[in-house]
Amino acid sequence: NGLNLYLSDNGQGVKDESVKFIFNRGYTTTDGSGIGLYHLKKIMASMGGEIEFTGNNIAGLEKGATFKVKFT
């Protein structure tokens, strides 16, 4: 009933205090614009899908942040 993709990177992950803000427009912990995850969440919603942060250091994946992208 859909497709779930788990995407992870090999960075330092998302700090606990940032998790609730990472999809907010303009939120960044780098010198970037803070619109990437915000924009992706909007695109997924417009297609009936979702994106969510699932955690850091997920077993079997890369050591950084992991996101679940769900297509329905």
With clusters defined by side-chain heavy atoms of hydrophobic residues (ILVMFWY) lying less than 4.5 Å apart, directly or transitively, does Leu3 cluster with Leu61? no
To the nearest 0.5 angstrom, please state how far the NZ atom of Lys41 sits from the OG atom of Ser46. 12.5 Å
Please evaluate residues Val14 and Phe53 with respect to the criterion side-chain contact (heavy atoms from CB on, under 4.5 Å), reporting the C-alpha separation (whole Å), side-chain torsions for both, the decisive distance (0.1 Å), and the verdict. CA-CA 9 Å; Val14 178; Phe53 173 71; 3.6 Å; yes
Set of residues satisfying side chain to side chain contact (heavy atoms under 4.5 Å, CB included) with respect to Lys68, sequence neighbours excluded: Asn4, Tyr6, Glu52, Thr54
Does Thr66 offer a backbone N or O that forms a donor-acceptor pair with the side chain of Ser8 under 3.5 Å? no
Could you grab the distance from atom CZ of Phe67 to atom CG of Leu7, nearest 0.5 Å is fine? 9.0 Å
Please check if Ile35 and Val19 belong to a single hydrophobic cluster, counting links between Ile, Leu, Val, Met, Phe, Trp and Tyr side chain heavy atoms closer than 4.5 Å. no
Could you give me the CA-CA distance, side-chain angles and deciding distance for Leu40 and Phe23, then say whether side-chain contact (heavy atoms from CB on, under 4.5 Å) is met? CA-CA 9 Å; Leu40 182 55; Phe23 293 105; over 6 Å; no
Approximate separation, where rounding is to 0.5 Å, of Met47 CE and Lys70 NZ: 13.5 Å
Could you check if a side-chain atom of Ser18 sits within less than 4.5 angstrom of a side-chain atom of Thr29, using non-hydrogen atoms only? yes
Is Glu62 close to Asp9 at the side-chain level, that is, under 4.5 Å between some pair of heavy atoms? no
If you group Ile, Leu, Val, Met, Phe, Trp and Tyr by side-chain heavy-atom gaps below 4.5 Å, do Ile58 and Leu5 land in one group? no
Kindly compute the distance separating CZ (Phe21) from NZ (Lys15), expressed to the nearest 0.5 Å. 14.0 Å
Quick one: does Val69's side chain get under 4.5 Å of Phe71's, heavy atoms only? yes
Can you tell me how far apart CE (Met44) and CG (Leu37) are? Round to the nearest 0.5 Å. 12.5 Å
